[in-house]
Protein chains: 2
Amino acid sequence: MPQIPRPSARRLSLYLREVQLRLRDGAKRVSSKQLGEALGLADTQVRKDLHWCGPFGGSGVGYDAETLRDRLRSVMGLSRTWNVVLVGAGNIGRALVGYGRFESEGFRIVGIFDKSKSLVGRRLAGTTIRALADLPRIVEEHDARIGIIAVPRESSQEVADILVKAGVRGILNFAPARIDTGGVPVTNVDFSVALEQVAFEVTMSGARGEQP
Amino acid sequence: MPQIPRPSARRLSLYLREVQLRLRDGAKRVSSKQLGEALGLADTQVRKDLHWCGPFGGSGVGYDAETLRDRLRSVMGLSRTWNVVLVGAGNIGRALVGYGRFESEGFRIVGIFDKSKSLVGRRLAGTTIRALADLPRIVEEHDARIGIIAVPRESSQEVADILVKAGVRGILNFAPARIDTGGVPVTNVDFSVALEQVAFEVTMSGARGEQP
DNA sequence: TAGTGTGAAGTTGTTCACAGCA
DNA sequence: TGCTGTGAACAACTTCACACTA
């Protein structure tokens, strides 16, 4: 069985978002050309990517929007609900629980944890902030497979160790550091790197293309 | 003059971070091997990337850490201060101003803007939240070249138009939408896409490598 | 010896060109 | 005709192999 290349995988998320949007607007079908235009990609690229959903649909008239959505969800592992634990109730943690979009995409935050004694016991978006010591229990109780690290750099590795030991199978890391997880997949989101990227592009300006 | 490929550009940020860290720890020299290990990359890769800083330093003993930092900064356009305007004082906006790391990297938030009447006039991290109408003036006054979009999807394109019209030269977009800027470079950060990426990797688990 | 610099080879991802279907 | 599916050509990026230097 062939592996979906990472660049494609990233784009599949974008296709899914776009298809859902169009479904909400009442669309019944979507073509690779439409998707490409909406996302700034070549239509060929879109078709190649969508092929990971197993050749289907399309004939001379585009993809059936609902089927496409379902296939995308299923191929990306989004047809189940993912229970998620969040470590760090600081600025980023708060932004995340307030983000809203997660719920609708099938992610459920089942535990929020923080080191700080002054935060533990307080509530955040309806969930009580717990001490890190409770993390393994909550992970097990809810079979949480994903952990989010939203703590400062200094504690990020330590938190990663706790998460891995507790049994999470994937980590979303907002700390500006590479973390070592012994094989558990990590996706990094780093605000500074992103801003620096913008500065870089501005400096180089003119020459290169746009967004992914 | 050859263009720095985007993948390299992303990694340059990471090298810079790592070098700064090591400098703080008192290191005088850094080798490609050390950098590679710290970041999960092959040493060859590191050397190829660093070559964009112009062949220099290294001999049989690694790169001079200070020189490397300076070259990285300069090549990435970080030897100047970048004035930045932030649109959106919601959860993400607040997380960003509270992030702290920006200042030290040479980014200065010179204006925070929001549509909401109830937020305008309030202060956030020492800066008064202004109405969007003031944006062009502030951008001009401070020669702000970078804009950050931290508003909901629905208003993101509108905000982008305002920013572009005001003259910013690069945009960091946190809204879950592709925005059209007519050539102004955009870097996207999308929490949902990132989380979905994790779900995807977990689903595929085992097979693929780690982080960038 | 421990490390850089770099062409050449290899791999991966993207675009092109076109066959085929409704 | 409008669109999908896909091999083949192409471009981009990464890894390898090795010459070279302090």
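Just so it is clear: chains get the letters A, B, ... in the order the sequence lines come, proteins before strands, and each one is counted from 1.
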*Look at the side chain of A/Lys48 and the base of C/dT15, then say whether one donor and one acceptor between them are separated by less than 3.5 Å.*
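Between C/dT15 and A/Lys48, which were checked side chain against base, a qualifying N/O pair under 3.5 Å is present.
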N/O donor-acceptor pair under 3.5 Å between [X] side chain and [Y] backbone:
{"X": "A/Arg73", "Y": "A/Leu78", "result": "no"}
{"X": "B/Asn173", "Y": "B/Ala177", "result": "yes"}
{"X": "B/Glu201", "Y": "A/Gly170", "result": "no"}
{"X": "A/Asn83", "Y": "A/His142", "result": "yes"}

*Kindly assign one of parallel, tilted or perpendicular to the pair A/Phe107 and A/Trp82, based on the angle between their ring planes and the thresholds 30° and 60°.*
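Correct class here is parallel.
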Measure from [atom1] on [X] to [atom2] on [N] and round the result to the nearest Å.
{"X": "A/Ile4", "N": "C/dT12", "atom1": "CD1", "atom2": "P", "value": "16 Å"}
{"X": "A/Asp49", "N": "C/dT12", "atom1": "CG", "atom2": "P", "value": "17 Å"}
{"X": "A/Leu68", "N": "D/dG5", "atom1": "CG", "atom2": "P", "value": "10 Å"}
{"X": "A/Gln45", "N": "D/dT4", "atom1": "CD", "atom2": "C1'", "value": "15 Å"}
{"X": "A/Tyr63", "N": "C/dC21", "atom1": "OH", "atom2": "C1'", "value": "13 Å"}
{"X": "B/Asp43", "N": "D/dT15", "atom1": "CG", "atom2": "P", "value": "10 Å"}
{"X": "B/Leu50", "N": "D/dT14", "atom1": "CG", "atom2": "P", "value": "13 Å"}
{"X": "A/Trp52", "N": "D/dT4", "atom1": "CH2", "atom2": "C1'", "value": "17 Å"}

_Given C/dA17, D/dC13, C/dT4, identify the nucleotide with an atom nearest to the side chain of B/Arg47._
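Among the listed nucleotides, the one closest to the side chain of B/Arg47 is C/dT4.
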*Out of D/dT4, C/dT14, C/dT6, which has the shortest distance to the side chain of A/Ser32?*
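Given the options D/dT4, C/dT14, C/dT6, the side chain of A/Ser32 is closest to D/dT4.
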*Any A/Arg11 side-chain nitrogen or oxygen under 4.0 Å from OP1 or OP2 of C/dT14*: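 It does, given that an N or O in the side chain of A/Arg11 lies less than 4.0 Å from OP1 or OP2 of C/dT14.
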*Would you indicate, yes or no, if D/dT6 has its OP1 or OP2 atom less than 4.0 angstrom from a side-chain nitrogen or oxygen of A/His51?*
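Result: yes.
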*Would you indicate what B/Ser8 reaches in the nucleic acid, counting non-hydrogen atoms under 4.0 angstrom: base, sugar-phosphate, or nothing?*
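If one applies the 4.0 Å heavy-atom cut-off, B/Ser8 turns out to touch nothing in the nucleic acid.
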_Any base atoms under 4.0 Å from B/Thr44, or only sugar-phosphate, or nothing? Heavy atoms, all strands._
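Touches a base.
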